[in-house]
Amino acid sequence: MSKDFSFEITHKLEGTHARAGVIHTPHGDIQTPVFIVGGTKATVKALTVEQVKSIGGQAVLANTYHLMLRPGADIVEQAGGLGKFMNWDGPTFTDSGGFQVFSLGVAYKKGIDAVTNSERGQKENAKSSNTQLAKVDEEGVTFRSHIDGTKMRMTPESSMQLQWQIGADVHMAFDECASPLANEGYIRASVARTHAWAIRCKQEHEKIWAEHHAKGKPYQSLWGVVQGARIEDLRRESARFMASQDFDGFGIGGIFEPAEIPETLRWVVEELPEDKPRHLLGMGSQVEDLFLGVEYGMDTFDCIAFTRQARNGGLYTADGRLNIRNAIFKRDFGPIDSNCDCYTCQNYTRAYINHLFRSDEML
RNA sequence: GCAGGGUUAGUGAAGCGGUCAAACACGGCAGACUGUAAAUCUGUUGGCUCAGCCUUCGGGGGUUCGAAUCCCUCACCCUGCA
């Protein structure tokens, strides 16, 4: 069964783990390293697919959990798959829904900061959170829909089935993203569970692939997700384990403080095979983290931070970040970034964007 | 002309004798944003030489230990009746 999916490395940077390459998918090539654009609910918020393309977006990552709730994976399948559904003809990724186990579980109503070591996080963490929408057991996860409270169940097998229905080119294995504040015993048990789930994902994936192949449908790849928090032997063990399972690529999961990224990635990259792509899941809220990730051998990245920041007035320029809502931009009739040739910088002023944000205008 | 009601910080609006520099909302000023429960959330918002002090509740004058709150008066705005 030939798999219409491969990865080739075209360049390496001496003295680092950085490399450039190409991921070949049934929906076209992805030049790496690259940021995969967040399209959680089968839309890149506030952008048309043409706009995503015009700024260099090569691939879009959607979310299994969100699409399962709305509109339903079966509807996406009937529409002809994720790309067809959202009019994106390029490569697509789906996250497994594993992260929502975390964000609807221990991080529920606290935000991710609350489960990191940041000062603000510790303060937030002290707030009581007496309800969680997700509970983990060895077999899988029981959720309550954040939309209407319906009790639902997700397992490695069901995540695979849903992802095949949604039909992205890259699927993530169903994992548990443990809180970095959990005790070591919990984290070790969680990584063991993630490994057991990875085997089940792989088995289910092969089974579905055989069915699809028989019908002449294209391959959809499966990437294993490395966990292990900040514990070196666990991270290395997890990476070795995932490397042994014949996945098409790897996701690196977890929640990091920026300062912890280099060392953690180094542990993982030293254990992973060179010839397969590596995706950093939720790479951080700073643009600089992207460059750090490249240096430490990551090929693809995703993060919702930048689209969210943009929606809330946080804009990046060659000179750094600015908050376009600030009063100093009220009468600034220059472009956001004078060295940028994008549509917005070419046609609109800071004063106008400032006005749109202050007016809650959607443009 | 007569009779009622009203005038509170940038705006709207509570307060009706002390715990009032004055609730709340909006507006303003900033901040946050990690595999998106986020077009969301947080802080702050009279002044100052800032654990205290000063000036504010339409203007002026009273009562009281104490007034945004009670009384008199002036101004303006509404609503009825002539």
Side-chain angles (χ1 to χ4, degrees), chain A residues 35-47 60-67 69-70 93-105 107-121 123-124 127 131-134 143-149 159 168 170-177 179-180 223 225-227 250-258 260-261 279-290 292-293 298 300-314 321-330 356-363:
Chain A
F35 180 77
I36 309 296
V37 182
T40 303
K41 300 180 192 170
T43 172
V44 181
K45 292 189 198 297
L47 294 181
V60 171
L61 181 144
N63 187 281
T64 303
Y65 166 77
H66 290 273
L67 293 178
L69 297 185
R70 269 197 306 228
F93 288 49
T94 39
D95 187 25
S96 66
F99 185 74
Q100 279 61 41
V101 176
F102 164 74
S103 66
L104 299 173
Y108 180 63
K109 278 186 174 168
K110 292 177 189 165
I112 283 166
D113 261 22
V115 285
T116 67
N117 280 328
S118 74
E119 197 178 309
R120 179 176 164 234
K123 202 173 89 188
E124 290 284 315
K127 291 183 184 173
T131 43
Q132 291 186 7
L133 295 184
F143 290 93
R144 277 189 187 280
S145 156
H146 70 273
I147 297 171
D148 64 5
S159 177
V170 175
H171 301 178
M172 291 293 157
F174 188 66
D175 66 322
E176 180 186 4
C177 178
S179 164
W223 297 18
V225 177
V226 175
Q227 287 291 352
F250 304 97
I252 288 82
I255 299 294
F256 304 98
E257 288 289 291
E260 302 161 345
I261 292 174
H279 179 92
L280 183 56
L281 289 154
M283 50 159 275
S285 59
Q286 306 296 315
V287 155
E288 291 77 7
D289 300 339
L290 184 82
L292 217 51
M298 298 297 110
T300 58
F301 306 82
D302 75 271
C303 194
I304 59 88
F306 311 110
T307 47
R308 180 179 293 168
Q309 287 165 10
R311 266 178 289 127
N312 294 299
R321 189 172 150 189
L322 53 83
N323 183 343
I324 198 65
R325 287 176 315 190
N326 286 177
I328 50 167
F329 300 119
K330 248 178 168 170
L356 293 179
F357 271 99
R358 285 167 179 266
S359 310
D360 289 326
E361 279 294 337
M362 65 180 87
L363 179 61

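Just so we're on the same page: letters track the sequence lines, and every chain starts at 1. Keep in mind that the numbers below use all heavy atoms, side chains included, and drop hydrogens, waters and symmetry copies.
Residues from residues 356-363 of chain A that place a heavy atom under 4.0 Å from any atom of RNA chain B, listed by number: A:Arg358, A:Met362.
Take A:Gln309 and apply the side chain to side chain donor-acceptor pair (under 3.5 Å) test, not counting sequence neighbours, and it matches A:Tyr316. A:Tyr65 meets the ring pair (Phe, Tyr, Trp, His ring centres under 6.0 Å) test with A:Phe143, A:His146; sequence neighbours excluded. Residues passing the ring pair (Phe, Tyr, Trp, His ring centres under 6.0 Å) test with A:Phe35, sequence neighbours excluded: A:Phe306. With sequence neighbours excluded, the residues satisfying side chain to side chain contact (heavy atoms under 4.5 Å, CB included) with A:Leu356 are A:Tyr352, A:Glu361, A:Leu363. Residues passing the ring pair (Phe, Tyr, Trp, His ring centres under 6.0 Å) test with A:Phe93 are A:Trp223, A:His279, sequence neighbours excluded.
Taking atom C1' in both B:A13 and B:C24, one finds a spacing of 8 Å when rounded to whole Å.
Considering A:Leu280, A:Thr300, A:Leu281 in turn, A:Thr300 is the only one that fulfils the side chain to side chain contact (heavy atoms under 4.5 Å, CB included) rule with A:Ile36.
Across every strand in view, B:G80 sits in a pair with B:C2 that passes the Watson-Crick or G-U test at under 3.5 angstrom. In this structure, B:U55 forms no base pair with any nucleotide, since neither Watson-Crick nor G-U wobble geometry is met with both distances under 3.5 Å. With a 3.5 Å ceiling on both atom-pair distances, the Watson-Crick or G-U wobble partner of B:G43 is B:C29.
With hydrogens and angles left out, the side chain of A:Ser103 and the base of B:U36 share no donor-acceptor pair within 3.5 Å. Counting distance only, with no hydrogens placed and no angle test, the side-chain atoms of A:Gln227 and the base atoms of B:G35 include a donor-acceptor pair under 3.5 Å.
As a whole-Å value, the separation of A:Leu61 CG from B:U36 C1' is 11 Å. Counting to the nearest Å, the P atom of B:G35 and the CZ atom of A:Phe306 are 9 Å from each other.
Here the side chain of A:Asn326 is nearest to one of B:G31, B:U36, B:C29, namely B:G31.
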